[in-house]
Amino acid sequence: MNRKSGVGTRPLHRRTQIRRKVARLTRKMAELGEADEAELQRLVAAEQQKAQFTAQVHHFMELCWDKCVEKPGNRLDSRTENCLSSCVDRFIDTTLAITSRFAQIVQKGGQ
């Protein structure tokens, strides 16, 4: 802490360090070759797809839960268990059908 002003100098120093690190990383990213950049973009796209899929699963599970579970307890009764199983099966079938259809569209667009 600066004795005269009573203001700490460490946070300012830390911000300067962070800015310098960001600048170094930015320069390094600018030096990436085309192959490296393409690989980085591929990895980012894959991570985005994983995140999107996870979000879809969570959303779908909420929908199935709201549809099938009337009152939560220690165990699921057979009706609730069958409802959840059917709900998940429909989700999987729908997802596979949509994925297949998109693949067909992409394949036709590439020809």
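FYI, the numbering just counts along the sequence from 1.
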Undergrad: From H58 NE2 over to F53 CZ, what is the distance, rounded to the nearest 0.5 angstrom?
TA: 10.0 Å

Undergrad: Determine whether Q17 and R20 satisfy the following criterion, side-chain hydrogen bond (donor to acceptor under 3.5 Å, both in side chains), listing intermediate values before the conclusion.
TA: CA-CA 5 Å; Q17 286 179 332; R20 287 180 183 155; over 6 Å; no

Undergrad: Please report the interatomic distance CG(D89) to OG1(T94), rounded to the nearest 0.5 Å.
TA: 10.5 Å

Undergrad: Can you tell me how far CD of Q52 sits from OG1 of T54, rounded to the nearest 0.5 angstrom?
TA: 10.0 Å

Undergrad: If only atom types and distance count, is the side chain of T95 paired as donor or acceptor with the main-chain N or O of F91 below 3.5 Å?
TA: yes

Undergrad: Are I92 and I98 connected in the hydrophobic side-chain network, where two residues link if heavy atoms are under 4.5 Å apart?
TA: no

Undergrad: Sequence neighbours left out, what pairs pass side-chain hydrogen bond (donor to acceptor under 3.5 Å, both in side chains) with at least one residue falling in residues 38-49?
TA: E39-R42, E47-K50

Undergrad: Could you check whether any side-chain heavy atom of C87 comes within less than 4.5 Å of a side-chain heavy atom of F60, counting everything from C-beta outward?
TA: yes

Undergrad: What do you reckon, is CD of Q56 surrounded by more than 12 foreign heavy atoms closer than 6.0 Å?
TA: yes

Undergrad: Can you tell me how far OG1 of T80 sits from NZ of K67, rounded to the nearest 0.5 angstrom?
TA: 11.0 Å

Undergrad: Hey, what do you get for CZ (R79) to SG (C68), rounding to the nearest 0.5 Å?
TA: 7.5 Å

Undergrad: Any donor-acceptor pair under 3.5 Å linking the side chain of S100 with the backbone of L96?
TA: no

Undergrad: Given the rule that I, L, V, M, F, W and Y join up when any side-chain heavy atoms are under 4.5 Å apart, are V88 and V57 in one cluster?
TA: yes

